[in-house]
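To keep things clear, I will list the structure first and then write my remarks on it.
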Protein chains: 2
Amino acid sequence: MEKNAVRIKDIAAKANVSVGTVDRVLHNRGRVSEEVRQKVLLMMQELDYEPNMMARTLGSNRTYRLAVIQPDHTLDPYWQGPRDGLDKAARELKPYGIGVTVYSYSLTQVDSFVAQATAATLSRPDGILVAPLFYRESLAFFAQWQQQGIPYVLFNTYIAELQPLSYVGQDSYQSGFLAGKLVRFGQPQPGTFLIAHIAEDIANSVHVTQKERGFRDYFAQLAPARNGPAPGPREHPDKIISIDLPDPADPSFARQLNRLLDDEQAQLRGIFVSTSKAYEIAPYLQANRREDIRLVGYDLLEKNIHFLNENVIDFLINQNPKEQGYWGIFALADRLVFKKKVLPLKYLPLDIITKENLQYYVGK
Amino acid sequence: MEKNAVRIKDIAAKANVSVGTVDRVLHNRGRVSEEVRQKVLLMMQELDYEPNMMARTLGSNRTYRLAVIQPDHTLDPYWQGPRDGLDKAARELKPYGIGVTVYSYSLTQVDSFVAQATAATLSRPDGILVAPLFYRESLAFFAQWQQQGIPYVLFNTYIAELQPLSYVGQDSYQSGFLAGKLVRFGQPQPGTFLIAHIAEDIANSVHVTQKERGFRDYFAQLAPARNGPAPGPREHPDKIISIDLPDPADPSFARQLNRLLDDEQAQLRGIFVSTSKAYEIAPYLQANRREDIRLVGYDLLEKNIHFLNENVIDFLINQNPKEQGYWGIFALADRLVFKKKVLPLKYLPLDIITKENLQYYVGK
DNA sequence: TTGTTTGGAGTGTGCGCACACGCAAAAATT
DNA sequence: AATTTTTGCGTGTGCGCACACTCCAAACAA
């Protein structure tokens with residue numbers, strides 16, 4: 001094997017030109033007659049030439065600087081995941097001349113996002129990976145990068161507005177849809193199902209509203225068709241409510257939650273927490289011994305894992321934070337270094353995590 | 001970045017020797033005085049030298065031949081997965097001088113395994129990746145490879161007997177345990193649960209017996225402790241039975257299966273198929289409209305996906321066949337080419353697949 | 001003594017490619 | 001017609017490393 005690897009030299013010989021000429025058509029450096037150009041191109045096709053990337057990066061001493069803009073991982077544990085992933089990618093890609101700089105902003109302060117995004121832009125990077133949690137404020141930056149010709153990749157939150165090179169992350173809608181299934185599955189009787197947002201600025205967060213839409217749609221499609229041949233064994237007059245909880249430190253958090261749990265009428269059978277903060281709800285269920293209420297949330301944070309093992313949380317959906325960082329960086333590398341075409345959408349799987357399969361996802 | 005990459009030239013300068021000398025200590029070629037050797041080693045540590053793998057493979061024209069021994073993918077669709085995965089790995093590793101040859105044997109014929117394994121051994125490969133479905137017949141080969149110093153990696157089936165370089169695949173026991181959870185989850189009433197083996201030589205297949213053990217243990221640990229403080233809200237006098245079905249083409253397959261399904265007394269609530277052949281059972285459930293019987297099986301084969309979408313199969317556990325092939329090859333490459341230490345056990349996740357998250361696993 | 005081996009080091013070439021440079025012929029300008 | 005400029009192409013060097021080769025002096029044998 002490998003003996004038959006086609007080199008530039010082979011193309012040159014077959015086309016009766018020098019390696020310099022082949023190099024010129026390969027990189028569109030001009031200074032080649034159209035006639036020769038076509039011949040070289042043909043020979044390349046015939047021999048099925050594939051450049052040797054190792055020799056290429058070794059030969060050209062070019063380096064690439066990538067900027068990552070994401071929430072500070074010391075303020076919210078979730079963001080440690082993407083951080084780990086992009087660090088891993090950075091390590092693997094270092095020999096290819098890729099360097100990564102992280103600009104972290106505060107999840108709760110819009111202006112810190114603007115400041116960091118501005119700093120990243122001013123560093124004039126060769127590519128940008130960004131988690132655009134703030135919808136409105138992101139748009140202007142996209143426009144600027146697009147104009148400057150800097151490729152940028154989105155992760156975690158998908159904003160279609162200005163075409164990014166790629167989006168890496170979950171399909172939020174389907175993610176909510178799946179949550180509906182998990183919260184409903186195996187429950188023989190109809191009831192009320194709650195979708196809880198914790199300390200989220202819903203209006204400015206595409207991400208979360210799509211999850212809610214998916215969740216509601218799951219129940220909608222469950223309802224038997226009006227004129228269906230035979231109505232299913234059970235009807236589904238389930239009631240879906242959603243609530244916008246404040247920061248858990250706020251006393252009204254407990255107040256609002258307890259009011260819901262104490263409402264005997266409601267027949268509350270399941271709660272879906274739209275972010276990775278299911279561990280904020282879990283203690284209330286555990287304290288009141290509400291094993292009858294199904295709890296579904298996101299991500300394998302330490303606290304979530306605790307309540308999963310205690311059977312308070314029933315399912316977690318893994319958003320694959322680490323993979324998001326990893327593949328985000330790789331999307332940029334594929335474009336810049338390897339010159340491969342990059343898929344505009346890279347949906348990561350919706351991993352269903354239970355107590356029984358947890359261990360194989362934790363260190364991943 | 002990357003400007004600070006340490007080269008062997010830098011070490012040479014710092015140790016006041018030539019690059020040739022550094023090369024000699026790097027590869028233990030001898031012909032270096034102990035004194036100088038120590039100095040060079042020290043400088044390497046101080047500068048935190050990491051060899052540039054690209055330059056290394058480019059410089060040394062060494063190639064590696066890997067042999068893969070696995071069931072023929074044209075005879076059983078499952079094995080297309082590992083095949084795809086190892087092909088992908090082979091493509092990525094080709095520039096590193098790695099070539100892969102596949103020796104495929106027939107799942108049902110022991111002697112074809114022996115023949116292919118023999119052929120692979122005679123080709124004197126630099127490394128071997130093997131799916132040792134036949135327990136007894138595998139042992140002799142392991143011993144031989146060990147003696148010849150050929151590193152070998154197991155996948156799909158774990159046999160601890162003679163330490164392989166690594167095992168890549170699922171934890172079969174935990175896989176069965178999870179299947180127990182999935183088949184039982186949300187069913188309010190106790191009943192009978194069936195574990196079905198289809199056309200398997202149980203006695204010679206570690207793999208499948210471990211799955212059964214895990215499955216049974218799930219139910220065992222569900223039963224409330226004898227002297228527990230308070231017996232749970234429901235007791236679990238579930239009954240677990242297992243059955244050894246013949247090839248589905250055999251008329252007794254249908255006979256045995258129908259007898260089980262028609263037994264009103266049994267209260268059959270769930271079936272766990274221990275291999276990827278859940279699609280052989282599904283038609284019987286569908287024909288008899290037995291929506292009350294939970295069906296859990298393995299792998300995203302086309303036929304399984306069909307019945308998952310029809311709600312006949314409730315859950316599939318993805319054995320990640322593609323990843324098994326991919327990481328199996330990489331384990332060998334890590335050892336041979338990159339000289340990294342290889343984990344002796346690489347457990348792949350137990351992906352839970354439902355209709356709702358299926359799409360993100362299919363093309364993976 | 002003169003050869004011969006051997007230990008301990010340095011030098012040189014090539015891997016496949018990028019890129020700067022050189023040089024002649026053709027085309028454009030004066 | 002003499003010049004500059006442009007076009008079209010070939011050559012040479014270096015990237016970091018492996019590996020064969022060379023060289024020299026000391027140890028040893030004859």
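Values reported hereafter were calculated over all heavy atoms of this structure, with side chains retained and with hydrogens, waters and symmetry mates removed.
- Under the 4.5 Å side-chain criterion, counting only non-hydrogen atoms from C-beta, B:Leu336 is in contact with B:Leu66.
- The distance from atom CD of A:Gln38 to atom C1' of D:dG8 is 16 Å, rounded to the nearest whole Å.
- In this structure, the side chain of B:Gln324 engages the main chain of B:Asn156 through a donor-acceptor pair within 3.5 Å.
- Note: B:Tyr96 and B:Phe338 meet the aromatic proximity criterion, with ring centroids under 6.0 Å apart.
- Under the 4.0 Å criterion applied to side-chain N and carboxylate O atoms, B:Arg83 and B:Asp87 are assigned as salt-bridge partners.
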I'd like a table of atom pairs between the protein and nucleotides 21-26 of chain C - only N or O on both sides, under 3.5 Å - with the distance next to each one.
none

Which atom pairs, one a donor and one an acceptor, fall under 3.5 Å between side chains of residues 141-150 of chain A and the rest of the protein, sequence neighbours left out?
unit_1	atom_1	unit_2	atom_2	d
A:Trp145	NE1	A:Thr121	OG1	3.0
A:Gln146	OE1	A:Tyr152	OH	3.4
A:Gln148	OE1	A:Arg124	NH1	3.2

Using a cutoff of under 3.5 Å, can you pull out all pairs of nitrogen or oxygen atoms linking the protein to nucleotides 16-19 of chain D, with atom names and distances?
unit_1	atom_1	unit_2	atom_2	d
D:dG16	OP2	B:Arg7	NH1	3.2
D:dG16	N2	B:Ala55	O	3.3
D:dC17	OP1	B:Tyr49	OH	2.7
D:dC17	OP1	B:Asn52	N	3.3
D:dC17	OP2	B:Ile8	N	2.7
D:dA18	OP1	B:His27	NE2	3.0
D:dA18	OP1	B:Arg56	NE	2.5
D:dA18	OP1	B:Arg56	NH2	3.0
D:dC19	OP2	B:Arg29	NH1	3.1
D:dC19	OP2	B:Arg29	NH2	3.0

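- Under the 4.5 Å side-chain criterion, counting only non-hydrogen atoms from C-beta, A:Ile329 is in contact with A:Val68.
- An OP1 or OP2 oxygen of C:dG10 is reached within less than 4.0 angstrom by a side-chain nitrogen or oxygen of B:Thr21.
- A heavy-atom distance below 4.5 Å is found between the side chains of A:Val130 and A:Leu154.
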>> Expected output check: what is the dot-bracket annotation of DNA chain C, where ( ) and [ ] are pairs inside the strand (brackets for crossing ones), | is paired with another strand, and pairs are Watson-Crick or G-U under 3.5 Å?
In response: |||||||||||||||||||||||||||.|.
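- Within the structure, no pair that satisfies the salt bridge (Lys or Arg N to Asp or Glu O under 4.0 Å) test touches residues 49-59 of chain B, not counting sequence neighbours.
- The nearest whole Å value for the distance from the NZ atom in A:Lys39 to the C1' atom in D:dG8 is 13 Å.
- Here A:Ser112 pairs with A:Tyr105, A:Ser106, A:Gln109 under the side-chain contact (heavy atoms from CB on, under 4.5 Å) rule; sequence neighbours left out.
- Note on B:Ser18: every side-chain N or O is 4.0 Å or more away from OP1 and OP2 of C:dT11.
- In terms of modelled atom types and a separation under 3.5 Å, the side chain of A:Arg65 and the main chain of A:Ser123 share a donor-acceptor contact.
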